[in-house]
Amino acid sequence: MTQEIKRGDVFKCWKDYEMDDERLAFKAGDKYKSLRSGTLKSIIDDDHLMTIDEEFLEHFTKDEA
């Protein structure tokens, strides 16, 4: 079963996610709501998006609340 991000889905970050240049893109403990299907926007800017892959699954769980 392939998991996908749908607009309005909320994901909880449970492990800080840093970019290669060590900027914090997603903070552990925070929840992020998808504004667009297929991606999750980081706290850096509109150009930093995550899609579901192995790395995504290491940092996020879907919030069912």
Side-chain angles (χ1 to χ4, degrees):
M1 180 174 138
T2 302
Q3 188 178 7
E4 53 187 82
I5 299 172
K6 296 179 184 164
R7 183 177 182 207
D9 283 350
V10 176
F11 291 87
K12 182 172 183 176
C13 180
W14 54 273
K15 179 180 171 186
D16 282 349
Y17 181 86
E18 292 183 352
M19 303 301 292
D20 291 338
D21 62 6
E22 298 182 5
R23 289 183 296 164
L24 184 64
F26 296 93
K27 184 177 177 183
D30 286 355
K31 293 182 182 181
Y32 298 87
K33 184 176 181 179
S34 175
L35 303 176
R36 184 171 72 195
S37 292
T39 62
L40 197 61
K41 183 178 149 315
S42 78
I43 58 177
I44 296 175
D45 58 41
D46 290 337
D47 293 332
H48 292 84
L49 304 170
M50 291 280 301
T51 58
I52 292 183
D53 60 12
E54 285 183 38
E55 190 172 32
F56 180 93
L57 297 173
E58 291 174 13
H59 291 84
F60 296 93
T61 54
K62 189 170 182 183
D63 189 51
E64 301 294 337

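Position 1 is the first residue of the sequence; numbering continues from there.
Nearest heavy atoms, Asp9 versus Glu4: OD2-O, 3.8 Å. Closest non-hydrogen pair, Ser42 versus Ala25, comes out as CB-O, 3.2 Å.
When the side-chain contact (heavy atoms from CB on, under 4.5 Å) test is applied to Glu18, the partners found at least two apart in sequence or on another chain are Glu22, Leu24. Checked against salt bridge (Lys or Arg N to Asp or Glu O under 4.0 Å), Asp16 has no partners two or more places apart in sequence or in another chain. Under the ring-ring contact (aromatic ring centres under 6.0 Å, His included) criterion, Phe60 pairs with Phe26, Phe56, not counting sequence neighbours. Scanning for side-chain contact (heavy atoms from CB on, under 4.5 Å) contacts around Lys12 gives Lys31, Thr61, with sequence neighbours left out. Here Asp20 pairs with nothing under the side-chain contact (heavy atoms from CB on, under 4.5 Å) rule; sequence neighbours left out. Among residues two or more places apart in sequence or in another chain, the side-chain contact (heavy atoms from CB on, under 4.5 Å) test is passed with Thr51 by Thr39.
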- Could you go step by step and tell me if Met50 and Phe11 meet the side chain to side chain contact (heavy atoms under 4.5 Å, CB included) rule? CA-CA 11 Å; Met50 291 280 301; Phe11 291 87; over 6 Å; no
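Remark: side-chain polar atoms of Ser37 are paired, donor with acceptor, to backbone N or O of Arg7 under 3.5 angstrom. Checking side-chain atoms of Tyr32 against main-chain N and O of Ile43 turns up no donor-acceptor pair under 3.5 Å.
Note on Leu57 and Trp14: separate hydrophobic clusters, where clusters join Ile, Leu, Val, Met, Phe, Trp and Tyr whose side-chain heavy atoms are under 4.5 Å apart, directly or indirectly.
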